[in-house]
Amino acid sequence: MAPGPVGRSVRVAGVDFDALSEQQVVTRIIGDSDDGRGGWVVTPNIDICRQLRHDPAARALISGASLVVADGMPLIWASRLRGDPLPERVAGASLIFTLSAAAAVSGRSVYLLGGAPGVPARAAANLTRRYRGLLVAGAHSPPFGFDRQPGGIEAIAARLARAKPDIVFVGLGFPKQERVIAALAPDLPAAWFIGCGAAIPFAAGTLPRAPHWMQPLGLEWTHRLITEPGRLFHRYLVDDVPFALRLLATSALTLHKGHLGHGGAPLLEGAVLDDAVLGSPVLDAPVSASSAAGRASR
């Protein structure tokens, strides 16, 4: 089978996203898996993009991913305002379902890593009921702080080596799940790792996801805020909302000016307006969705 689809790259908020639909991502993963090729999907949202501005180590991690897709409607809106649109939002919370459905049809196995005790097993049970024939190679809730304990990563690697999954959903939150994936992936070169955030408790039904009508309107964050106000209030209202508004404003300005710079990026008076706002610096080392180091080996 030929490799799955490879899309163009679209830069938004300092990150180069692969311009793929969710179905194209699923097709790429299943096609590569059928041919014994593994990889790694990262799904940055507004909060992750904001963190990447000030975290070189996290930027380096993401540059090694095989696919970088946008999980957040503000990122999609910004790409449209810039005149270089991404096709659609691709969320880890959706991929756990669409990819599991495709895995059930193609005979690929999945592994669920992350969530509170009992949650991965419950998610596995729900997915197998929903998708007849789905092979679940394992489900594990690692102990808190396992990644900082001697032998913690090695113990997870041993579990995966025994299970030999084709697709591993890793729901440990950013950037912990990305660090764990980077450590585990070399030992399973034929497996695909999906950094999926809260997707495992969503699949388990222990954390309610926003109604479908809220998702395309970019209102899913409000549902999460109502569900977990103590944990998410500062992140969403103090950090993320202002960042998203500045991104949308500057994206609109770039389209209004209509100038094109390097790689087709719009310019405003000579300065690339990506995540720069009113003179704030653009990322010195933008995250590339086509990084040679990360993609050549996938």
Side-chain angles (χ1 to χ4, degrees), residues 1-10 15-44 61-71 76 85-113 123-124 127-128 130-139 160-161 163-171 177-178 180-182 184-197 199-200 203 287-298:
M1 180 180 294
V6 177
R8 60 191 172 86
S9 177
V10 175
V15 178
D16 285 346
F17 290 95
D18 289 295
L20 296 173
S21 68
E22 184 170 337
Q23 185 54 56
Q24 286 176 315
V25 172
V26 170
T27 299
R28 163 75 182 271
I29 293 170
I30 296 299
D32 282 7
S33 182
D34 286 344
D35 286 344
R37 291 188 299 269
W40 165 24
V41 180
V42 62
T43 60
L61 274 176
I62 287 183
S63 71
S66 308
L67 292 176
V68 180
V69 291
D71 178 2
I76 305 303
L86 290 163
E88 65 178 357
R89 178 189 181 198
V90 183
S94 295
L95 280 173
I96 197 168
F97 296 105
T98 54
L99 195 47
S100 291
V105 172
S106 64
R108 303 291 98 193
S109 63
V110 304
Y111 193 105
L112 306 175
L113 177 64
L127 290 170
T128 53
R130 184 167 182 170
Y131 305 113
R132 184 177 179 181
L134 178 64
L135 303 173
V136 177
L160 292 176
K164 296 182 174 61
D166 298 305
I167 299 164
V168 185
F169 293 102
V170 185
Q177 64 193 18
E178 283 70 29
V180 170
I181 290 172
L184 296 174
D187 291 333
L188 288 170
W192 271 89
F193 290 80
I194 318 298
C196 63
I200 293 174
V287 180
S288 172
S290 57
S291 166
R295 311 292 170 104
S297 63
R298 298 300 188 188

Of the non-hydrogen atoms in Ala163 and Ala137, which two are nearest, and what is the gap between them? CB-O, 3.6 Å
Between the CH2 atom in Trp40 and the CD1 atom in Ile62, the distance rounded to the nearest 0.5 Å is 7.0 Å
Passes side-chain contact (heavy atoms from CB on, under 4.5 Å), Val110 versus Val168? Steps please. CA-CA 6 Å; Val110 304; Val168 185; over 6 Å; no
If you look at every heavy atom in Gly39 and Ser66, which pair is closest and at what distance? CA-OG, 3.3 Å
Taking the basic N atoms (NZ, or NE/NH1/NH2) and the acidic carboxylate oxygens, is any pair closer than 4.0 Å for Asp34 and Arg108? yes
Keeping the roles fixed (side chain from Ser9, backbone from Asp18), state whether a donor-acceptor pair exists under 3.5 Å. no
Residues in side-chain contact (heavy atoms from CB on, under 4.5 Å) contact with Ala182, at least two apart in sequence or another chain: Leu61
Taking the side chain as every heavy atom from C-beta outward, state whether Leu127 and Leu112 have any atom pair closer than 4.5 Å. yes
What is the distance from atom CD of Gln23 to atom OG1 of Thr27, rounded to the nearest 0.5 Å? 4.5 Å
How about Asp35 and Ser33: do any of their side-chain heavy atoms sit closer than 4.5 Å? no
About how many Å separate CD of Glu178 and OG1 of Thr43, when rounded to the nearest 0.5 Å? 7.5 Å
What is the minimum heavy-atom distance between Ala191 and Pro165, and which atoms define it? CB-O, 3.6 Å
Min side-chain heavy-atom separation Leu95-Val90 under 4.5 Å: yes
Find out whether Val68 and Val15 are in side-chain contact, i.e. whether some heavy atom of one side chain is under 4.5 Å from a heavy atom of the other. yes
Would you find a donor on one side and an acceptor on the other, under 3.5 Å apart, between the side chain of Glu22 and the backbone of Ala91? no
From the list Thr98, Val69, Ile194, side-chain contact (heavy atoms from CB on, under 4.5 Å) partner of Val25 resolves to Val69
Looking only at non-hydrogen atoms, find the nearest pair between Ala203 and Phe97 and report the distance. CA-CZ, 3.8 Å
For Ile181 and Pro186, the nearest pair of non-hydrogen atoms, with its separation, is O-CD, 4.5 Å
Taking atom OG of Ser106 and atom CD1 of Ile167, what is their separation to the nearest 0.5 Å? 6.5 Å
Roughly how far, to the nearest 0.5 Å, is CG of Leu160 from CZ of Phe193? 5.5 Å
Worked verdict on Ile30 versus Leu99 for side-chain contact (heavy atoms from CB on, under 4.5 Å): CA-CA 8 Å; Ile30 296 299; Leu99 195 47; 4.1 Å; yes
Quick one: closest heavy-atom pair of Ala103 and Leu134, and the distance? CB-CD1, 4.0 Å
The reported gap from CH2 in Trp192 to CG in Asp32 (rounded to nearest 0.5 angstrom) is 5.5 Å
Audit row: Glu88, Ile76, side-chain contact (heavy atoms from CB on, under 4.5 Å) steps and yes/no: CA-CA 7 Å; Glu88 65 178 357; Ile76 305 303; 5.7 Å; no
